Amino acid sequence: MIDPVDVQRIVLATLAAGAAVLFGACYAIFLALSRLRDLAVLRRLSNLSYLALAVSVLALAWYLRLAGGWLALVVILLVGYYLAPRFIWRLSVATHDSEEDRKGGSHD
């Protein structure tokens with residue numbers, strides 16, 4: 001028979017994983033919107049979403065009792081998810097700038 005504590009841990013790990021996906025998406029969306037609109041409130045929401053993402057990923061690691069190399073992977077994931085949307089934004093801006101240069105530099 002399955003121990004009820006193990007079932008509870010698995011359910012909490014599932015909820016933490018879902019929260020990580022949700023807050024990861026919120027982080028990327030708020031970061032992009034804050035750069036498009038240049039609004040400080042969206043920047044704060046982006047940072048708050050990243051903090052919630054980090055907490056949910058750490059909770060996931062705790063509930064799954066990750067250790068050793070798996071914890072290193074969690075840290076790499078958090079660093080990567082912090083940096084990836086920023087690099088993607090820069091790549092998008094550079095790509096769109098070069099497209100506008102090829103079209104004659106007209107800004108609508």
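The structure displayed is predicted, hence computed values, not measured ones.
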Between L53 and L64, is there a shared hydrophobic cluster once you connect ILVMFWY residues whose side-chain heavy atoms come closer than 4.5 Å? yes

Rounded to the nearest 0.5 Å, how far apart are OH of Y81 and CZ of F23? 13.0 Å

Test item: R37 and R43 side chains (from C-beta on) under 4.5 Å apart, heavy atoms: no

Please determine whether side chain to side chain contact (heavy atoms under 4.5 Å, CB included) holds for the pair L45 and Y50, giving the CA-CA distance in whole Å, both sets of side-chain angles, and the decisive distance to 0.1 Å. CA-CA 9 Å; L45 285 173; Y50 182 79; over 6 Å; no

Under the 3.5 angstrom rule, does the side chain of S56 hit a backbone N or O of A52 as a donor-acceptor pair? yes

Would you kindly confirm whether W62 and V57 end up in one hydrophobic cluster when ILVMFWY residues are joined by side chain heavy atoms under 4.5 Å apart? no

Answer yes or no on whether R65 is positioned over the face of Y63, meaning its NZ or CZ is under 6.0 Å from the six-membered ring centre and within 45° of the axis. no

Separation between CD of Q8 and CD1 of I10, rounded to the nearest 0.5 Å: 11.0 Å

According to a hydrophobic-cluster definition based on side-chain heavy atoms being under 4.5 Å apart (Ile, Leu, Val, Met, Phe, Trp, Tyr only), do L60 and V55 belong together? no

Does the pair V75 and L71 meet the rule for a side chain to side chain contact (heavy atoms under 4.5 Å, CB included), with working shown? CA-CA 6 Å; V75 170; L71 285 179; 5.8 Å; no

Rounded to the nearest 0.5 Å, how far does CG of L78 lie from CG of L73? 10.0 Å

Starting at CG of D38, measure out to CG of L33 and round the result to the nearest 0.5 Å. 12.5 Å

SG on C26 to CG on L31, rounded to 0.5 Å: 12.5 Å

Between V21 and L48, is there a shared hydrophobic cluster once you connect ILVMFWY residues whose side-chain heavy atoms come closer than 4.5 Å? no

Passing candidate, side chain to side chain contact (heavy atoms under 4.5 Å, CB included) with V79, options I76, L83, L77: L83

State the CG-OH distance between L51 and Y27, to the nearest 0.5 angstrom. 12.0 Å

